[in-house]
Amino acid sequence: MRRLCALLAALAALAARAAGPAPAATLELGGGVRMEFVLIPAGTFEMGSPENLGGDDESPRHAVTISRSFYLGKYEVTQEQWQAVTGANPSHFRGAGRPVESVSWNDCQKFLAQLAARTGRRFRLPTEAQWEYACRAGTDTPWSFGAQDERAGDYAWCGANSGGATHRVGAKRPNPWGLYDMHGNVAEWCADVYAKHTYDGGAATDPAGPARGPSMVCRGGAWGDDSDMLRCAYRNCDGPGGATAGIGLRCVMLP
C-alpha cells in the first residue's frame, strides 16, 4: 500500500510540474497597494523527508492529498500590505516592499480578520501540508530548485547572502509554480499546532495537525538561516505569542 501511495504521489508530482505556474488573482487594498495570489491545484505529494535526511520530526515520509485547489500569496505579506490593513508596521527591518516580520501567530489571526473585513473575502494561514505542497511545486527534491544547495542564492535570502537582514520580496527566482521567497527571507507561520510525531499516521488527506499544543508551525527558513533550514520539508515552531524578526506570513484566500 505504501509503495502504491508513493507511486501515485510521484505521478501527481510529474503532472503538477508539467502544469507550470498557475493562474493568478489580485486584490486591491487601497492606496495603490495590491496583494497577488496564485491558484495552487489539488494533488498528491510525498510529504516529509527520507529517514537519512533531515530531523526526526520530518519522517516517515508519507503520501498526502490536497483535495481542493486554493489561492496562496504569490509573495510573503509585505510591510506596506500589513500597514494598509492595520495602520501599523511592527517590523524590525523597515521597507515597504520587505516582508512584514516581528508578528506573532496571534497577530496574524487579527490581520487576516481585518483583511477579510476590508475585502469581503475569507483568509487564513496555510496548513503545514498546503505550505509544503506549494513549496515543492511538483518537485521531489530537498529544495524546489534541486537536490543540492549550490543554487540557493538564486532563490533565497539566507545567512550566506542576506547581510543579516530581510530584503524586498520577489527579488529572487520563483519556484516552478511562480511563488517567491518560499525558501528564506522570513519563515512563515502556518495554521497548524506543532507536534513532533505528526507524520506517524501515514497517508492522509488535507491533514491539519493536532487540536492543541504550546507551539505553532513555521516553515521556509529565514534571512539568518543556513541552507539546510530552507529545505521544503524543514519544520520549525514557536509559541503563538512569539514575535521575531525572522518570522512573517503568507496568506491563503478561500473561495
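Heavy atoms only: backbone and side chains are in, while hydrogens, waters and symmetry mates are out.
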Using the rule salt bridge (charged side-chain N to carboxylate O under 4.0 Å, His left out), only one of Arg231, Lys196, Arg235 pairs with Glu58; which is it?
Arg231
Under 3.5 Å, is there a donor-acceptor pair between the side chain of [X] and the main chain of [Y]?
X	Y	result
Asp206	Ser67	yes
Thr141	Ser144	no
Asn175	Cys135	yes
Tyr133	Pro41	yes
Ser162	Trp223	yes
Gln130	Thr127	yes
Arg250	Lys74	yes
Gln109	Asn106	no
Arg61	Gly48	yes
Gln79	Gly95	yes

If I compare all heavy atoms of [X] with all of [Y], which pair ends up nearest, and what's the gap?
X	Y	value
Gln83	Asn89	OE1-CB, 3.6 Å
Asp192	Pro207	OD2-O, 4.5 Å
Trp131	Pro126	CD1-CG, 4.1 Å
Gly246	Ala222	O-CB, 3.4 Å
Met253	Ala25	CE-CB, 4.3 Å
Pro90	Ser102	O-CB, 3.5 Å

Rounded to the nearest 0.5 Å, what separates atom [atom1] in [X] from atom [atom2] in [Y]?
X	Y	atom1	atom2	result
Glu132	Met182	CD	CE	10.0 Å
Trp157	Asp225	CH2	CG	15.5 Å
Thr26	Glu36	OG1	CD	4.5 Å
Ser215	Asp238	OG	CG	6.5 Å
Leu254	Arg122	CG	CZ	5.0 Å
Arg98	His92	CZ	NE2	9.5 Å

Phe37 and Tyr71 aromatic ring geometry - parallel, tilted or perpendicular at 30°/60° bounds
perpendicular
Hydrophobic clustering (ILVMFWY, side-chain heavy atoms < 4.5 Å, transitive) - are [Y] and [X] grouped together?
X	Y	result
Val186	Met216	no
Phe123	Trp105	yes
Tyr180	Trp177	no
Leu53	Leu230	no
Phe70	Val64	yes

Carefully, step by step, assess Ser49 and Ser59 under the rule side chain to side chain donor-acceptor pair (under 3.5 Å).
CA-CA 6 Å; Ser49 295; Ser59 63; over 6 Å; no
If you define the side chain from C-beta out and look only at heavy atoms, does anything of [X] sit under 4.5 Å from [Y]?
X	Y	result
Val252	Leu125	no
Val38	Leu72	no
Tyr194	Thr198	no
Arg34	Glu80	no
Leu115	Cys251	yes
Leu27	Thr119	yes
Arg173	Arg151	yes
Phe145	His183	yes

A quick test of your reading: do over 12 heavy atoms of other residues, nucleotides or ligands sit less than 6.0 Å from CD of Glu51?
no
Exceeds 12 heavy-atom contacts within 6.0 angstrom, atom CZ of Arg94:
yes
Checking side-chain contact (heavy atoms from CB on, under 4.5 Å) for the pair Asn161/Lys172: CA distance, chi angles, key distance, verdict?
CA-CA 12 Å; Asn161 65 357; Lys172 295 294 187 178; 3.7 Å; yes
For the pair Asn236 and Met229, evaluate side-chain contact (heavy atoms from CB on, under 4.5 Å) and give the outcome as yes or no after the intermediate values.
CA-CA 9 Å; Asn236 209 338; Met229 299 172 72; 4.3 Å; yes
Asp140 and Glu46: side-chain contact (heavy atoms from CB on, under 4.5 Å), yes or no, with the steps?
CA-CA 8 Å; Asp140 194 38; Glu46 285 284 296; 4.2 Å; yes
Worked check of salt bridge (charged side-chain N to carboxylate O under 4.0 Å, His left out) between Arg168 and Asp181:
CA-CA 10 Å; Arg168 178 178 59 83; Asp181 298 302; over 6 Å; no
Pick out which of Thr166, Leu249, Asn185 makes a side chain to side chain contact (heavy atoms under 4.5 Å, CB included) with Glu101.
Thr166
Kindly say whether the aromatic ring centers of Trp143 and Tyr234 come within a distance under 6.0 Å.
no
Is the Phe111 to Trp82 ring centre distance short of 6.0 Å?
yes
Taking NZ, NE, NH1 and NH2 as the nitrogens, is one of them in Glu188 or Arg219 under 4.0 Å from a carboxylate oxygen of the other?
no
